[in-house]
Amino acid sequence: MAEVTGGITSGQAQALIDAVMPRPSTLTPSSETTGGNTGTNSMKFAQEGHQHPRLTSTTYAVLDANGRATVTFTRSFTNKPGFSITEVDTNKTQPLVCVVESFLQPGGAGTPYTGCIIKGYRSQALPAQPQMNVLAILTTVVAGVNAIAASLTGFNVFGGSPADASVSVVAIARSDVSAS
C-alpha cells in the first residue's frame, strides 16, 4: 500500500515532481544564430558533452607553381561561405594576396559547396630608381619624371612568385542566410 503524506501518495508526489523537473534534450543543438535564441522548451536542457554544429572549415593549403591550390572544406556549406585566407609559415618579405577563383560543387549548381580553388598573387619590389640629390631633381624634374614613368611602364606589382606559399583557409557559414 502506498504511503500517504499530507493527503497524497508517494507515487502522486513523484508524479508531481516529474511533471515539473526538466529533462535532457534528445535533439542536436542548433548552430549559433545572430542575436541568440533562448529556446522554446523550458522543460528540456542540454546534456553533458553536447556539441553545436560547426560553422567553419579551417584547413591549410600550399600553392602550386602557378600559384593555385584546391581546398577541400572540412564540412559542406549550403550557401557560398565567407573567407579568410592568410599566408602562414613565411619568410617572404613581399605580401601575398589570395582570391577564390571558383567553388567546388560536385553535384552541380544548387548543391552544397565542398571546396574551392584559390589563386595567390605575390607582390614584388619596385624597380630601383637612380639616387638623385635635391638640386639634380629640381634641374631634371621633367627628365626624372619621364625616367620613373618609363621604368614603371608595364611593371606588374604582383609579378612575384606565389609558388610554395602555405596559406590558412578559413571558410565561415554566412550569418545572413541559414547556417546549414
Review point. Roughly how far, to the nearest 0.5 Å, is CZ of Arg122 from SG of Cys98?
Key: 8.5 Å
Check your understanding: Is the cationic atom of Lys119 (NZ for Lys, CZ for Arg) positioned less than 6.0 Å from the six-membered ring centroid of Tyr121 and within 45 degrees of its normal?
Key -> yes
Revision key, fill the gap. When every non-hydrogen atom of Leu96 is compared with those of Ala165, the smallest separation belongs to CD2-CB, 3.8 Å
Check your understanding: When rounded to the nearest 0.5 angstrom, what is the spacing between CD1 in Ile85 and OG in Ser168?
Key -> 9.0 Å
Review point. Do you know the tightest heavy-atom contact between Gln124 and Gly159?
Key: NE2-CA, 3.7 Å
Check your understanding: Rounded to the nearest 0.5 Å, how far apart are CD1 of Ile172 and OG1 of Thr58?
Key -> 7.5 Å
Review point. Within the side chain of Ser161, is there an N or O that forms a donor-acceptor pair under 3.5 Å with the backbone of Ala163?
Key: yes
Review point. Is any side-chain heavy atom of Val62 less than 4.5 Å from a side-chain heavy atom of Ser166?
Key: yes
Review point. Do the rings of Phe103 and Phe83 sit parallel, tilted or perpendicular, given the 30° and 60° boundaries?
Key: tilted
Check your understanding: Hey, which of Thr70, Val99, Val167 is the one that makes side chain to side chain contact (heavy atoms under 4.5 Å, CB included) with Ile118?
Key -> Val167
Review point. With a cut-off of 6.0 Å (strictly less than), are more than 12 heavy atoms of other residues, nucleotides or ligands near OH of Tyr60?
Key: no
**Study point:** Taking every non-hydrogen atom, the tightest pair across Asn79 and Arg174
**Key:** CB-NH1, 4.1 Å
Practice item. Could you check if a side-chain atom of Val71 sits within less than 4.5 angstrom of a side-chain atom of Val100, using non-hydrogen atoms only? Key: no
Check your understanding: How far apart are the closest heavy atoms of Gly110 and Gln105, and which atoms are they?
Key -> N-NE2, 3.8 Å
Exercise for review: Might you point out which heavy atoms bring Pro162 and Gly67 nearest each other, and give the distance in Å?
Suggested key: CG-CA, 3.6 Å
Revision key, fill the gap. Looking only at heavy atoms, the pair that brings Phe45 and Pro22 closest together is CE2-O, 3.4 Å
**Study point:** More than 12 heavy atoms of other groups within 6.0 Å of Met21 CE
**Key:** no
Check your understanding: Distance-only, no hydrogens or angles: does the Asn66 side chain make a donor-acceptor pair with backbone N or O of Arg68 under 3.5 Å?
Key -> no
Practice item. Using a 4.5 Å cut-off on heavy atoms from C-beta on, say whether the side chain of Tyr113 contacts that of Ser76. Key: no
Exercise for review: Taking the side chain as every heavy atom from C-beta outward, state whether Arg23 and Asp18 have any pair of such atoms under 4.5 Å apart.
Suggested key: yes
Practice item. Look at atom NZ of Lys80 and say whether more than 12 heavy atoms of other residues, nucleotides or ligands are closer to it than 6.0 Å. Key: no
Check your understanding: Out of curiosity, Thr56 OG1 to Phe73 CZ, how far, rounded to the nearest 0.5 Å?
Key -> 11.5 Å
